A.B. asks: 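I'd like to ask you about the structure that follows.
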Amino acid sequence: MAASAETPLINPSCANTGAQTPENSSRPAADRPLLQIKDLWVVFEDHPVLRKIHFEVPRGQTLAIIGESGCGKTVLLKTLIGLIRPSRGKVYFDGLDLGRLSEKELTQQRRRFGFVFQQAALFDSMTVYQNVAFPLRQHTDKTEEEIRDMVVARLAEVGLSPKILDKYPAELSGGMRKRVGLARALVLEPEVILYDEPTTGLDPIMSDVINALILQTRQRHPVTSIVVTHDMRTAQKTADRVMMLYPLSRLHPNETQILYDGPPDQIEQSPDLRVREFVRGEAEHRLQEIRSGQSEE
């Protein structure tokens with residue numbers, strides 16, 4: 001099976017395991033942020049990727065995380081669902097400290113997430129139908145007729161016809177593969193959807209289609225979304241809030257890694273030149289670093 005080794009992290013909502021902390025369990029669920037990240041560090045072989053990361057994500061919000069390649073966006077995304085364990089700090093999901101959960105409990109919580117991978121991560125040896133049906137067969141006892149109805153409905157939701165059910169991923173365009181990946185992420189109605197570079201490799205028209213589908217998903221389903229992207233059009237079109245990370249290798253020790261955290265329509269007015277240059281696609285600050293030998297890249 002020549003697909004990503006990462007199984008789609010999607011399944012119905014599961015009951016909390018009870019591994020609450022006093023700080024979080026004292027707040028009613030409706031008032032509690034769905035995700036809370038506190039003093040998060042991730043270090044790989046003495047090489048820090050994330051440092052002193054603090055933020056919260058309220059229920060129903062769409063957060064776009066932007067930044068240059070190598071700033072830790074995808075590492076952060078994987079840390080939020082326990083695929084990467086923090087070197088230090090806490091990740092709370094719905095009041096649960098993920099670091100205190102057993103692997104079995106962590107797997108149970110991951111089933112409340114849908115994950116749209118950067119390259120769709122479809123199983124090459126499976127048809128479109130088998131790919132989208134995979135989570136239903138793994139995690140439910142639905143009949144084949146019920147599964148087929150749900151697969152067709154989710155494909156229709158992302159604008160795909162039942163005519164492609166028997167096609168294999170290699171027979172699809174890049175945009176169609178992305179949409180099949182989104183249909184699979186939606187099939188079990190997750191509470192959170194994580195998008196890892198959803199428009200990478202697509203032309204501008206198909207990128208806009210994917211952006212529209214992200215918006216449509218939020219309108220049709222009560223989901224919280226996190227979109228990791230370097231595409232400013234995606235961030236500005238889909239998100240309620242934008243957070244920009246910066247590579248630790250180019251920060252002073254006392255600088256925060258989050259250079260901006262606020263509304264999409266205000267990011268171009270950020271007082272930080274690095275933020276403004278990223279948004280506008282300007283490289284002067286970056287070129288100065290390269291010329292002065294400060295850049296390690």
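Quick caveat: nothing in here was measured; it's all calculated off a predicted structure.
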A.B. asks: May I have the step-by-step check of side-chain hydrogen bond (donor to acceptor under 3.5 Å, both in side chains) for Arg59 and Thr224, ending in yes or no?
C.D. replies: CA-CA 6 Å; Arg59 297 168 191 273; Thr224 302; over 6 Å; no
A.B. asks: Using 0.5 Å steps for rounding, measure from the CZ atom of Arg280 to the CD1 atom of Ile267.
C.D. replies: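 Going from the CZ atom of Arg280 to the CD1 atom of Ile267 covers 10.5 Å.
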A.B. asks: Could you tell me whether Arg88 and Asp39 have a side-chain N and a carboxylate O separated by less than 4.0 Å?
C.D. replies: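 Salt bridge flag = yes for Asp39 with Arg88.
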A.B. asks: Between Arg274 and Arg250, does a side chain to side chain contact (heavy atoms under 4.5 Å, CB included) hold up when you go through it step by step?
C.D. replies: CA-CA 11 Å; Arg274 294 165 296 184; Arg250 303 212 304 279; over 6 Å; no
A.B. asks: Pairing donors with acceptors under 3.5 angstrom, does anything connect the side chains of Asp166 and Thr127?
C.D. replies: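 Not at all, the side chains of Asp166 and Thr127 share no donor-acceptor pair under 3.5 Å.
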A.B. asks: Is any side-chain heavy atom of Glu171 less than 4.5 Å from a side-chain heavy atom of Ile164?
C.D. replies: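 When only atoms from C-beta onward are counted, Ile164 and Glu171 do not touch, as no gap falls below 4.5 Å.
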A.B. asks: Rounded to the nearest 0.5 Å, what's the gap from CD on Glu191 to CD on Gln109? Could you check?
C.D. replies: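 Rounded to the nearest 0.5 Å, the CD-CD separation comes out at 8.5 Å.
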A.B. asks: Should Glu157 and Arg154 count as an ion pair when the cut-off is N to O under 4.0 Å?
C.D. replies: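 Yes, this pair counts.
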A.B. asks: Are Tyr195 and Ile214 close enough that some pair of their side-chain heavy atoms sits under 4.5 Å apart?
C.D. replies: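 Sidechains of Ile214 and Tyr195: in contact.
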A.B. asks: Are more than 12 heavy atoms from other residues, nucleotides or ligands located less than 6.0 Å from atom CD of Glu145?
C.D. replies: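 Open: at most 12 neighbouring heavy atoms sit under 6.0 Å from CD of Glu145.
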A.B. asks: Nearest 0.5 Å, what's the CD1-CG distance between Ile193 and Leu186?
C.D. replies: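 The distance works out to 4.5 Å.
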A.B. asks: Taking the six-membered ring of Phe134 as reference, does the cationic atom of Arg184 (NZ for Lys, CZ for Arg) lie under 6.0 Å from its centre and within 45° of its axis?
C.D. replies: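 Not satisfied by the 6.0 Å and 45° rule.
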A.B. asks: For the CZ atom on Arg233, are there more than 12 heavy atoms of other groups (residues, nucleotides or ligands in this structure) within a distance under 6.0 Å?
C.D. replies: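 Incorrect, the count does not exceed 12.
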A.B. asks: Answer yes or no: are there more than 12 heavy-atom neighbours, outside Lys52 itself, under 6.0 Å from its atom NZ?
C.D. replies: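 It does not: Lys52 NZ has 12 such atoms or fewer within range.
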A.B. asks: For a quick test of reading the model, state the closest non-hydrogen atom pair linking Pro247 to Cys71 and the distance between them.
C.D. replies: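 So the two residues come closest at N-CB, 3.7 Å.
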A.B. asks: Please walk me through it: do His230 and Glu197 pass side-chain hydrogen bond (donor to acceptor under 3.5 Å, both in side chains)?
C.D. replies: CA-CA 7 Å; His230 64 270; Glu197 300 285 6; 3.0 Å; yes
A.B. asks: Take Asp196 and Thr74, measure what side-chain hydrogen bond (donor to acceptor under 3.5 Å, both in side chains) needs, and give me the verdict at the end.
C.D. replies: CA-CA 7 Å; Asp196 188 11; Thr74 298; 3.1 Å; yes
A.B. asks: Roughly how far, to the nearest 0.5 Å, is the CG atom of Leu40 from the CG atom of Leu76?
C.D. replies: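 Those atoms lie 6.5 Å apart.
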A.B. asks: How long is the gap from CG on Leu248 to CD on Glu255, to the nearest 0.5 Å?
C.D. replies: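 Leu248 CG to Glu255 CD: 10.5 Å, rounded to 0.5 Å.
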A.B. asks: Between Glu103 and Arg110, does any NZ, NE, NH1 or NH2 come within less than 4.0 Å of an OD or OE carboxylate oxygen?
C.D. replies: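 The answer is yes: the pair qualifies as a salt bridge.
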A.B. asks: What I want to find out is whether Asp231 reaches Lys237 closely enough, with some N-O distance under 4.0 Å, to be called a salt bridge.
C.D. replies: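 Looking at Lys237 together with Asp231, the answer is no, because their closest N to O distance does not fall below 4.0 Å.
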